[in-house]
Amino acid sequence: MALKMVKGSIDRMFDKNLQDLVRGIRNHKEDEAKYISQCIDEIKQELKQDNIAVKANAVCKLTYLQMLGYDISWAAFNIIEVMSASKFTFKRIGYLAASQSFHEGTDVIMLTTNQIRKDLSSPSQYDTGVALTGLSCFVTPDLARDLANDIMTLMSHTKPYIRKKAVLIMYKVFLKYPESLRPAFPRLKEKLEDPDPGVQSAAVNVICELARRNPKNYLSLAPLFFKLMTSSTNNWVLIKIIKLFGALTPLEPRLGKKLIEPLTNLIHSTSAMSLLYECVNTVIAVLISLSSGMPNHSASIQLCVQKLRILIEDSDQNLKYLGLLAMSKILKTHPKSVQSHKDLILQCLDDKDESIRLRALDLLYGMVSKKNLMEIVKKLMTHVDKAEGTTYRDELLTKIIDICSQSNYQHITNFEWYISILVELTRLEGTRHGHLIAAQMLDVAIRVKAIRKFAVSQMSALLDNAHLVASSTQRNGICEVLYAAAWICGEFSEHLQEPQHTLEAMLRPKVTTLPGHIQAVYVQNVVKLYASILQQKEQVADMEEAQAVTQLMVDRLPQFVQSADLEVQERASCILQLVKHVQKLQAKAVPVAEEVSALFAGELNPVAPKAQKKVPVPEGLDLDAWINEPLSDSESEDEKPKAMFHEEEQRQAKHRLPEVDEEELARRREARKQEQANNPFYIKSSPSPQKRYQDAPGVEHIPVVQIDLSVPLKVPGLPLSDQYVRLEEERRHRQRLEKDKRRKKRRDKEKKGKRRHGSLPTESDEDIAPAQQVDIVTEEMPENALPSDEDDKDPNDPYRALDIDLDKPLADSEKLPVQKHRNSENAKSPEKEDVPVVEKKSKKPKKKEKKHKEKEREKEKKKEKERKKPSKHKKKHKKEKEERPKDKKRSRKKLPGSEEAPGEPMQNGALEEGPLPPMSSYSLLAENSYIKMTYGVQGSLQDSQVTVSIILENLSSSVLKSMELSVLDSLNTRMARPEGSSVHDGVPVPFQLPPGVSNEAQFVFTVQSIVMAQKLKGTLSFIAKDDEGATQEKLDFKLHFSCSSYLTTTPCYSDAFAKLLESGDLSMSSIRVDGISMSFQNLLTKICFHHHFSVVERVDSCASMYSRSIQGHHVCLLVKKGENSVSVDGKCSDATLLSNMLEEMKATLATC
Amino acid sequence: MIKAILIFNNHGKPRLSKFYPYSEDTQQQIIRETFHLVSKRDENVCNFLEGGLLIGGSDNKLIYRHYATLYFVFCVDSSESELGILDLIQVFVETLDKCFENVCELDLIFHVDKVHNILAEMVMGGMVLETNMNEIVTQIDAQNKLEKSEAGLAGAPARAVSAVKNMNLPEIPRNINIGDISIKVPNLPSFK
């Protein structure tokens, strides 16, 4: 044996291993791709071999290739094979490959569930560890649900190595399967005090991640964390805890006060900079949360800012960066304290390190005021000019726009200046934020009425120089500003100085190289311009000029008609016809200007972006109601020929609202945002009350900053923003002088000699009057809009699902799903049988069922108490079992598909005198060397259908696929097939079976008459595929529907039962079976289980039972036990059903 | 959470990539972009970088260290402490140094699987599992021992062959001309 192995390995040792592959790749620099494709072919060969070592080697190489960017998803199944190797060496390779290449879309991932479960419970801690590590990378919602309980068990493993991994992976499980959070949380909390520091650290890690997203749910843990903070010596843990406190303090100010002392202690004692920095950070958070209520903490804030200044001035760039980062946190609540360090921050803007510059930029945002805005923006503009990387330049650009437009242009006093800044920004090459600038131009031009004249003149200059900006026509490139320019010139054409000149600029042939959506705007606005020119000309009765303009339009528009862009083409064609018509009228000397202008009459007002959403829904309108009932889903294309005869139906289908999935919604939302961004009538800033600028007197002089631009950002013919800075300064200066004069006069008038305002008045923002009388038009909102702002949260946020109250006691229904075999479940609670189909779909019926059961159980208990005591301890024992599902799991290390599971009667009978043989509602359907089929039948009350659950177990070593179940329908019983398939078609089984695996498929049958038992012949066809090849196989079977299978366990109360018997419209029949040795209790349980009855009442050796058929027949039984015989009297609304039923029962009882 | 861990050399050649959930198709792009961002930075600037667009959002950061020929880059979100991660990188490199005995780029090139195994003992599913170097080395050694015992008799010839194959390993750097300088581990204040 050993010799054989050695021989095998000698054969293998000349196989290429990972090192050889790497070496090979390095030796084939020139034809790397070719070499690798060769290697992949080799790997494919190796994967076909049986030897697991060869396979593992191949998978190991694939993992390397994956890193280089080669697709290895095709090998997913082989990876699973290697994962299931028995040797740790190979298992580790398999799990590594899986963790690198598996994701939620990997379809074979569901095959790993059992393998992972096996590895998790492996006696070797490293097998378990490697499985946990792998799983942490590719856990899916299904895996999380199926394995949650196993992992939870591992959290109390004896080895800390496993414990810490199990604890850590729980976070991933929570993310994928949020229902597991509440049941698992108590144990997770326990682990915070684990004796092993590693486990403790893992638990802290998980809770911190959880708390970061939903801090309020974890406030109750604060004392525990406080204790940990003062006792732990692990810096990593301390950092995490301190960070967590930073998140908790805003919610609970009292916590902050307690924290200050231990935190300062830590700051003084620790040598680790990382810990020190986090302490400072949290102290800041504490101070911020405290000071919001009490202003006297501003001194401490000042202290923090001072400390941070020291960090920022440090030579260590890392500390500088972090100092700025922490500073921005203070800025949010205490902008004033940070503003005094403007010099330092502006200095950081010059740092050679981009990360630091970006942080400084962030800080600037909060530091601007009316007073210093121009200065700061000026400085930023010089940086824009100097910046090398486009990323940083784009960042600067967005920051400039952010800074200027913040809180509804609060800090802008001179919009002429702002427009010229925007125009200067259009000179940026290769920016991706053209649309941002365009949006700003539109926004300002629309909302600031006073600026329109200026804006129009700038925009027309921009259009005139379009060749400068149109050079880059990429999407969102700078050419986007032409969109805004064209629209502004068209819409506010009355302000144009030389409209004809602009018109010509817009009709240049070069325009056709612009992107389609911009051309479309050009075309539309050309007409607006044209209309206003016509009007001007006609007013002065200059008919010749008017005709010349028309001629120009007729000459130039065809270039747009030829556009490949449909939008442009359509608009141009329409307009061309319009202009030609105008030309005809002009030839007849008919005045047309009025009519053409009427096309564009009326002013458009901006609409708030959320306006549409806030329109209140009128009373009596239900938006969720169907206009027409939706057709069933299965109706699809296959039906088309049939649909010819159902035209009416088809039309209805068209009216149906399209069902939209999440992804599609997201896409549409994105598209809508995009559209809003380009639409001048949408304003993105949040609605705020109209800004009023008071004519506040008193303006201080502002020092002139001399800025020399090495490369001037200049658009020919356009004024520079610099000019405005100077102009603005002069203006302010003038205002100040005037004000001073006035004040002097007043002062002279008041009290001579007594200087009340001795010192110069301090500058304040409010003192600076805006240059233009600016009125910012507010966005329109619908009347009686709903004041709601809840729509800010992203419904797709995965962390939202984890917002769960953890302090509530666990409910029964919240237990983690325990993997168990179906049979055992059935055996234990026969009542459940009638709901499994529903169970999967919705939870409600299950709950109902549960309540019901509980009620019944209680009732039983009462009776029990009356009768006998000894059963009590047994009940207790059962209860314990329920409470600890994990114990159950251990004992149930079942083989897949094993038929026999120990059953215990749970209800319906009160006493347990003797052991009950295991029961199963599943019986053998058919079996051959490949597959074993067992089946069970359940009726469902709702739709008078029966569901046949078939467990298919693969007995062979091949993979079984393309399984199809065909059944010969009888007149009475039919199989429900997918819509559109004929009666002879089989129904496909929705899964494949790898070797040794079993799975369950359900098929629905409709039954017309249920009074007799039915038998249906059927065939299962499938393809068995193994290494040699695939073979088509068949297995015949006979499905037996007994009358009992049409009955569903329905509880009945004794009073209702009595009424039913009294009603008299039930027919009666009875049977008697001798030679019964079984105890009465077990007998009843058997009847309940196999024939779906429930016990109504039981007195000594006599019991009444009830059940109901899926078609609503009542079946009542009176079971009496004699010495060793049993007699059953039955009453039923259908005599045939009853007699058949009793025959079946006789057969069951005969075996007792 | 740690979103990704990348190791690449001065030329942008990936030596290790570990992504905690990222979609497959963007991985190479992220490696390239990260290299692009990191490589153009001077030696004496800070070790933090605001993530590029691909790495998803303003919440994320790149934290990196440059050792000899290799960049060690961690992409993390705001729940991680910046300086803490820098220390973690240090622990990682020191552990590699211990496990490979004077680690150099070649070790990482030829034994990427081992590097993965070491990393798996430190970071699991994007969360820090262990920061104690001795503990990590103990577990790695135990696993290596287990591996050896499994190979047993059958593994001997394979090991012999691989030893023969590796004999001409030193030639490789000359052929390909890469900087085979061992990663120097500077003394930095770390966790303990």
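Chain letters run A, B, ... following the sequence lines, proteins first and then strands; every chain starts at 1. No experiment lies behind these values; they were computed from the predicted model shown.
Counting heavy atoms from C-beta outward, A:Ser136 and B:Met127 have side chains that stay 4.5 Å or more apart. Side-chain contact between B:Gln27 and A:Gln66 is present, with heavy atoms from C-beta onward closer than 4.5 Å. Two residues are said to be in side-chain contact when any heavy atoms from C-beta on lie closer than 4.5 Å; A:Leu322 and B:Phe48 meet this criterion. Residues A:Lys165 and B:Leu129 have side chains in contact (heavy-atom distance under 4.5 Å, counting atoms from C-beta outward). Between A:Thr133 and B:Glu121 there is no side-chain heavy-atom pair separated by less than 4.5 Å. Between A:Arg26 and B:Ile109 the shortest side-chain heavy-atom distance falls below 4.5 Å. In this structure the side chain of B:Ser81 reaches within 4.5 angstrom of the side chain of A:Lys243, judged on heavy atoms. At a threshold of 4.5 Å between non-hydrogen side-chain atoms, the residues A:Lys240 and B:Ser79 count as touching.
Expressed to the nearest 0.5 Å, how far CG of A:Asn205 lies from CE of B:Met124 amounts to 11.0 Å. Atom CG of B:Asp42 and atom NZ of A:Lys352 lie 7.0 Å apart (nearest 0.5 Å). The CZ atom of A:Phe88 sits 7.5 Å away from atom CD of B:Glu150, with the distance rounded to the nearest 0.5 Å. Rounding to the nearest 0.5 Å places CG of A:Asn318 at 5.5 Å from CG of B:Leu86.
Heavy atoms of B:Asp77 lying under 4.5 Å from chain A belong exclusively to its side chain. Both the backbone and the side chain of A:Ile169 come within less than 4.5 Å of a heavy atom of chain B. Contacts between A:Leu68 and chain B at a heavy-atom distance below 4.5 Å involve backbone atoms as well as side-chain atoms. Heavy atoms of B:Val128 lying under 4.5 Å from chain A belong to its backbone as well as its side chain. Heavy-atom distances place both the backbone and the side chain of B:Glu80 under 4.5 Å from chain A. Of the two parts of A:Leu168, the backbone and the side chain both hold a non-hydrogen atom closer than 4.5 Å to a non-hydrogen atom of chain B. With a 4.5 angstrom heavy-atom cutoff, B:Leu146 touches chain A only via side-chain atoms. Neither the backbone nor the side chain of A:Thr63 comes within contact range of chain B; no heavy atom of the residue lies under 4.5 Å from a heavy atom of that chain.
Between B:Gly84 and A:Trp236, the shortest heavy-atom contact is O-CZ3, 3.6 Å.
Ion pairing of B:Glu147 with A:Lys91 is absent here, as no side-chain N (NZ or NE/NH1/NH2) approaches a carboxylate O to less than 4.0 Å.
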Practice problem: Could you check A:Val130 against B:Gln143 for side-chain contact (heavy atoms from CB on, under 4.5 Å), going step by step and ending with a plain yes or no? | Solution: CA-CA 10 Å; A:Val130 98; B:Gln143 288 176 37; 5.7 Å; no
Quiz item: After noting the C-alpha distance and the side-chain angles of B:Lys18 and A:Ser99, does the key distance pass the side-chain hydrogen bond (donor to acceptor under 3.5 Å, both in side chains) rule?
Solution: CA-CA 9 Å; B:Lys18 185 89 199 165; A:Ser99 74; 3.0 Å; yes
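Side-chain contact annotation: A:Tyr161 with B:Glu135, donor-acceptor N/O pair under 3.5 Å absent.
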